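For reference, the structure discussed in these notes is given below.
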Amino acid sequence: MGGLQAGSVGAFKGRDVISILDFTRSDLEELFEAADWFRRRLLDGNVPKLLDGRLVALAFFEPSTRTRLSFEAAAKRLGGETIGFTSEEAISVAKGESFADTIRMLDAYADIIVVRHKYEGAALYAAEVAEKPVVNAGDGRQHHPTQAMIDLYTVKLLFGSPDGLVYAVLGDLRYSRAAISFLYGLTLYKPKRVYLVSPPQLRIREEVEMVLRERGLPYREASDITEVIEEVDVLYVVRIQRERFPDPMEYEKVRGSYRVTPELVKKGKPTLRILHPLPKVDEIDPRVDSMPQAAYFFQASLGVPLRMALLTMILGVYAG
Amino acid sequence: MGPVPDSELLVRKIREGTVIDHIPAGRALAVLRILGITGREGFRVAVVMNVESRKLGRKDIVKVEGRLLKPHEVDVIALIAPTATINIVKDYKVVEKRRVKIPRLVEGVLKCKNPTCITRKKGEYIRSRFRLVSEKPVILQCVYCGTLLHEDEILAQVLGEQE
Ligand SMILES: [Zn+2]
């Protein structure tokens with residue numbers, strides 16, 4: 001592999017993955033090269049059993065389908081095995097065991113721990129408690145680093161590079177960890193411009209704004225996507241995170257406040273591409289799904305090879 | 001160290017210990033609370049409140065006899081008493097004098113304001129931890145959840161209903 005690779009071999013080995021901000025652009029380049037390799041192996045139906053004899057713990061304290069299955073598929077395709085649980089009710093946490101003790105148990109059993117939790121900071125805390133590497137599969141409204149990796153990889157495959165493009169991130173920017181992690185990820189690159197488009201109640205939180213400013217992301221806030229759509233290369237859409245609203249009345253005020261329709265998409269460039277971390281609810285008109293601009297199913301298909309790359313690199317078994 | 005000001009005469013000089021001077025008036029008890037000094041430790045503690053100060057108009061002073069507070073223990077009071085000076089006394093003499101400085105990491109003293117922060121989860125033995133992101137005005141950031149604590153929120157939290 002290339003020269004970059006030689007300098008950063010082992011950048012992932014044994015490492016915790018808590019926030020996309022912990023990574024550099026060259027780390028991600030290395031990861032994307034490995035993801036390319038696994039994508040080819042998957043297409044060939046020739047995936048080496050690099051995780052043979054390895055056990056991946058999937059600690060999903062918050063329900064998840066997509067992310068959990070994608071980690072599970074990645075591990076199993078590579079010949080690895082998984083243990084875990086899919087919600088807090090299913091395990092002894094419901095009987096009052098502390099989060100830290102559950103993590104200690106998994107640390108004793110498995111080679112790597114993938115954690116999702118509704119509390120912000122849970123993954124960092126797990127990494128402090130565990131000896132084994134911890135991968136954050138979403139902590140509350142804060143981070144979702146593997147989603148950001150998939151999203152940036154998608155943009156790279158679609159446009160050649162995330163640099164120089166105009167982005168619009170549309171939707172619940174207050175509570176969506178996917179949107180926030182994508183924005184954090186963009187700070188590692190050189191986008192031309194980033195529009196943040198959300199209802200006023202759902203604009204980015206102050207600490208997110210602080211990071212974007214400090215890192216010099218060229219962003220502007222906008223309240224209406226139709227005003228900027230003509231300029232946009234990548235439209236990143238997220239659903240309203242109903243489950244994170246402290247007050248259901250607040251959710252009622254903003255539900256249905258934005259929607260991507262074929263008419264909107266047609267106003268954009270023909271090369272416009274639409275990303276969405278999925279699942280989507282009603283923020284994208286289903287008629288958009290079959291338009292060439294809809295890239296979210298392609299994006300979702302990259303979850304497994306990207307996570308294969310990540311797991312093997314952290315466990316030090318990927319040789320390219 | 002110059003002539004003894006009147007305020008010093010309110011409480012006798014200590015032989016060995018720490019004198020925290022130039023505390024904004026009314027905050028001496030909060031300073032003790034932050035330092036975790038309850039009076040039950042057995043040290044002699046003197047609190048002088050609302051004495052005249054050239055610099056501050058009015059100030060508070062705390063004297064802790066028999067305990068030499070180290071910078072990392074005492075710097076955290078800078079959150080509510082940025083003007084405070086620390087005097088280390090040995091044999092009735094000030095052997096070391098310095099100003100407090102907000103530490104880069106504030107551990108255990110404050111509570112994160114985000115109710116879904118892991119540090120607020122019941123049943124976990126986890127200390128709060130904040131990194132200093134700005135000194136003027138003071139802004140701290142929770143290491144775990146990223147939430148910012150602003151100066152007024154820090155003061156309100158530490159001082160409670162006192163102000
Ligand atoms: Zn917090």
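Because the structure is a prediction, the values reported are computed rather than measured. Chain identifiers are assigned alphabetically (A, B, ...) following the order of the sequence lines, protein sequences preceding nucleic acid strands; residue numbering begins at 1 within each chain.
- Atom CD of residue A:Glu120 and atom CZ of residue B:Arg120 lie 11.5 Å apart, to the nearest 0.5 angstrom.
- Atom CE of residue A:Met210 and atom CD1 of residue B:Ile139 lie 7.5 Å apart, to the nearest 0.5 angstrom.
- The 12-atom threshold is not exceeded at CZ of B:Arg15, counting heavy atoms of other residues, nucleotides or ligands nearer than 6.0 Å.
- When all heavy atoms of B:Val143 and A:Leu124 are compared, the pair lying nearest together is O-CD2, 3.5 Å.
- Within the 4.5 Å cutoff, the side chain of A:Phe99 has no heavy atoms near those of the B:Ile126 side chain.
- Nearest heavy atom pair, residue A:Tyr125 against residue B:Tyr125, reads OH-O, 3.5 Å.
- Taking SG of B:Cys142 as the reference point, atom CD of A:Glu207 lies at 9.5 Å (rounded to 0.5 Å).
- If you measure heavy-atom distances from B:Val133 to chain A, the contacts under 4.5 Å come from the side chain alone.
- By the 6.0 Å contact criterion, CZ on B:Arg131 is enclosed, its count of non-hydrogen atoms from other residues, nucleotides or ligands being greater than 12.
- Across every non-hydrogen atom of A:Gln142 and B:Tyr144, the tightest pair is NE2-O, 2.8 Å.
- For B:Phe43, the CZ atom sits in a packed shell: over 12 heavy atoms of surrounding residues, nucleotides or ligands are nearer than 6.0 Å.
- For the pair B:Gly123 and A:Ser98, the tightest heavy-atom approach, listed with the atom from each and the gap, is O-CB, 3.5 Å.
- The neighbour count for A:Lys190 NZ, taken as heavy atoms of other residues, nucleotides or ligands under 6.0 Å away, does not exceed 12.
- A:Arg205 CZ to B:Leu148 CG: the interatomic distance, rounded to the nearest 0.5 Å, is 10.0 Å.
- For chain B, the nearby part of A:Arg141 is the side chain; its heavy atoms alone come within less than 4.5 Å.
- Contacts of A:Glu128 with chain B are made by side-chain atoms alone, with heavy-atom separations under 4.5 Å and no backbone atom involved.
- Neither the backbone nor the side chain of B:Thr119 comes within contact range of chain A; no heavy atom of the residue lies under 4.5 Å from a heavy atom of that chain.
- The number of heavy atoms from other shown groups lying within 6.0 Å of CD (A:Glu131) does not exceed 12.
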